Peer 1: 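Sharing a structure here in structure tokens format.
Since we're looking at a predicted model, the values are computed, not measured. First the proteins, then the strands, lettered A, B, ... as listed; each starts at 1.
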Amino acid sequence: MRSISLFFRSVTKSLVLVTLLCSMAVSSANAQDAAAGAAIFKQKCTACHGIDKAVVGPALKGIDTKYDEAWLLKWIKNAPAFIASGDAKAVKAAEYSPAMMSAFPELSDDDIKNIVAYVKVGDVKPAADPNAAAGAAGAPADKGGVSNFMLFGLLAVIIIAFLVILVLNRVITTLERVMLQKKGIAVEEEDGAETKDRFEGLKKLSKNKKFILFIVILCVIFLGSAGWKGMWETGVHTGYQPVQPIKFSHQLHAGVNKIDCQYCHSGAFTSKNASIPSLNVCMNCHNYVTASEKYDGKTSPEIMKIYNALDYNEETKVYGNDTKPVEWIRIHNLPDLAYFNHSQHVSVAGIECQNCHGPIQTMEEVYQYSPLTMKWCINCHKQTEVNHKDNPYYDKLIAAHDKLKKGGKVTAAVLGGLECAKCHY
Amino acid sequence: MLLKLSTTKGNMLVMNKRLIICTAFLTVAAVTVISSCSNNRSTGLEFARNMYDPIGYNPDQPNKNFKDGKTAQNPPAGTMPVGFDKYDVYPNTLEGYQAASAGMANPLPVSVATLEQGKTLYLNMCSHCHGLEGKGDGSIVKLGKFPAPPSYSTGNSSRGGTMKDLTDGKIYHTITHGVNLMGPHKSQLSPEQRWKIVMYVHELQKLQ
């Protein structure tokens, strides 16, 4: 009996070892294929395909079970020709989208097999190194946490110290009161007398004209300064930071992603208004970017607001008709009596956006940086030198000036009097 | 003050109550005044608000006169803004793309000044995906947030041929209508601006 059990044990041990080794070998072979496939996938396929996410083409997860390898080889190498050949599966696959799958004649059979291997294990790879990812993500979070922790800790220490002082004071007070009470009733009687005296003192003070004058002067100073400050700040919206309907972060888009201001505010260079981008501009990126990695695979609720406003279906990628505008709240608003033109400042003068709008690339939420008062405009206009080089407007002015010098006549038309905007703005 | 008084005066509940109420009231008043002063969610005190509100409608304002409540309306069907005529006639299909390649040429003469403008426009409008030199390594691609587009100089087009052989019409058609993950940019760029970019992209195609 004993020998049998021993034998059985050894057999199972070796079996386990062999299977372990086999699986390791298989997985490592797979990994190699997948690594090569991943490189090709990122180079050739990601423009249209994701593994878990439908992009232009369908999500590729499970493609190896849906189609056999020979079919996939033909399809990936030259889909248009394959469809034209009349293959039933290929024709059906082509119906997925009006955009046709491109031909990739440059891919070898091995390349395609590697790609398929990568698609197969694609999501195992990120699952294998969450530790590394967590470590990498954890480190900066820790850094941010330390400074926050210190700040809050300091605040807490101060508050606790203050509370301790208060409590100790209270204790001293009660102890003193107890001592006084022990000394006798006389003390309490004295107290009562003093209270009456205090009220009498107040009445006396109210009849003291000098004291009243002092109080009145204090009031006047206080109200006057408050009024003065209030009047200076009336209609000046510096620091105004309203809550916007979508939590759009300029810090992320302009700061981290380094998207130029003009990409979204394309009007700033060509028109009076810097223009708030219409949602189709958002969709140029957010048809792909859903920030789902931050929301457990779901689309970010802020990006969902774009989709909802456009009545865009994320799954089918179809736009509906039930659209509604996003009601952004205007921050920078000049009164209508002042004419301001963005293109004049940005295109002609070449002023950076940050000159007036402040460090916009660091703002999580936009606030008004400059006061936009007349004094502010005038101060800048007094200091800024005009760059008249290569500017036909100034060339014309100089030509007109020269003509005048020579005794010629200059009409209003020469000075731009026929420009539409001279009258119609 | 409160504590001092109670130490010297002993049992003075009535007085304490009054003082407590007084200080509480003063604190609340001060807090309201201070917080109302520093509230950045409101524009603060305004005089003659009607001077800020335009008499005419700004493009980004609500407008009751239109069904959808917006001032900025789409141009009516069949109309084209000034300067947009004749360029956007090729439809957003593979046939339109091929037809644009055959039927369009850059109307702007090549000059250093135009190329400079094209470069500025390219850097502002395209480089965050396509990269500073059109190699498909823009800032967003490097961050891994967006898939890389093919390089202008070494990549292959998804619609056949190499990227460096793309014609005027093909590049213009792609900027106008987009392709694959690239969205249409016709609302952000005027035809003239697009042609300036096309001119500069031809320079990037020559890079190695």
Side-chain angles (χ1 to χ4, degrees), chain A residues 42-43 46-48 55-56 98-100 102-103 106 169-170 172-173 176-177 180-181 187-188 191 194-195 230 233-237 239-243 256-263 266 270 273 275-276 278 280-281 283-285 287-289 323 325 327-328 330 333-337 367, chain B residues 3 6-7 9-12 14-15 38 40-48 51-56 58-62 68-70 72 93-94 121 123-125 127-128 138-140 143 145-150 156-160 178-185 187-190 193:
Chain A
K42 275 175 190 147
Q43 201 186 347
T46 48
C48 297
V55 184
V56 177
M100 195 187 281
S102 316
E106 69 275 16
N169 242 328
R170 261 281 142 100
I172 290 169
T173 318
E176 275 181 355
R177 200 184 291 163
L180 284 170
Q181 276 175 346
V187 184
E188 269 180 46
D191 276 353
E194 228 173 79
T195 332
E233 285 175 359
T234 300
V236 179
H237 301 174
Y240 177 42
Q241 189 178 34
V243 181
V256 178
N257 295 347
K258 294 195 174 59
I259 297 169
D260 195 271
C261 310
Q262 193 189 353
Y263 188 79
S266 48
T270 52
N273 201 318
S275 68
I276 301 297
S278 50
N280 66 309
V281 177
M283 289 303 285
N284 277 356
C285 293
N287 62 355
Y288 177 80
V289 180
T323 59
E327 294 182 35
W328 300 102
R330 186 167 187 154
N333 192 12
L334 276 183
D336 236 22
L337 49 92
Y367 59 86
Chain B
L3 293 166
S6 52
T7 48
K9 306 286 153 16
N11 193 3
M12 277 175 50
V14 185
M15 195 65 196
S38 62
N40 56 4
R41 294 301 187 193
S42 87
T43 53
L45 202 58
E46 275 180 320
F47 174 70
M51 283 179 131
Y52 288 82
D53 297 328
I55 299 166
N58 276 344
D60 50 4
Q61 264 189 317
D68 57 0
K70 294 185 286 188
T93 58
L94 196 59
L121 280 168
L123 291 179
N124 290 354
M125 302 298 291
S127 66
H128 45 261
S139 52
I140 315 185
L143 288 169
K145 293 185 178 180
F146 210 82
N156 286 326
S157 165
S158 68
R159 290 183 283 202
V179 64
N180 298 339
L181 271 186
M182 174 172 160
H185 286 70
S187 72
Q188 289 146 281
L189 290 163
S190 69
Q193 289 177 318

Peer 1: Could you work out, with side chain to side chain donor-acceptor pair (under 3.5 Å) as the rule, every residue matching A/Asn257, not counting sequence neighbours?
Peer 2: B/Lys145
Peer 1: Picking from A/Thr323, A/Val289, A/Ile276, A/Val281, which has the most non-hydrogen pairs under 4.5 angstrom with chain B?
Peer 2: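 Sorted descending by pairs with chain B, the first entry is A/Val281.
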Peer 1: Checking A/Asn273 against chain B: side chain, backbone, both or neither under 4.5 Å from a heavy atom?
Peer 2: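 For A/Asn273, the contact with chain B is made by the side chain alone.
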Peer 1: Counting N and O atoms only, with roles assigned by atom type, does the side chain of B/Gln188 sit under 3.5 Å from a partner on the main chain of B/His185, one being a donor and the other an acceptor?
Peer 2: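 Flag not set: sc B/Gln188 to bb B/His185 has no pair under 3.5 Å.
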Peer 1: Kindly write out the residues that satisfy side chain to side chain donor-acceptor pair (under 3.5 Å) with A/His237, not counting sequence neighbours, or none if the list is empty.
Peer 2: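 Side chain to side chain donor-acceptor pair (under 3.5 Å) list for A/His237, sorted by chain: B/Glu46.
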Peer 1: Less than 4.5 Å to any heavy atom of chain B: does that hold for the side chain of A/Val236, its backbone, both, or neither?
Peer 2: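 Answer is backbone: N, CA, C or O of A/Val236 sit under 4.5 Å from chain B.
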Peer 1: Heavy-atom cut-off 4.5 Å, strictly under: side chain, backbone, both or neither for A/Thr270 against chain B?
Peer 2: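 Contact with chain B is through the side chain of A/Thr270 alone.
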Peer 1: Taking B/Arg41 for the side chain and A/Gln241 for the main chain, is one N or O donor matched with an acceptor at less than 3.5 Å?
Peer 2: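 Yes: the side chain of B/Arg41 pairs with the backbone of A/Gln241.
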Peer 1: Could you check if a side-chain atom of A/Asn284 sits within less than 4.5 angstrom of a side-chain atom of B/Pro184, using non-hydrogen atoms only?
Peer 2: yes
Peer 1: Counting only non-hydrogen atoms closer than 4.5 Å, does B/Gln193 touch chain A with its backbone (N, CA, C, O), its side chain (CB onward), both, or neither?
Peer 2: side chain
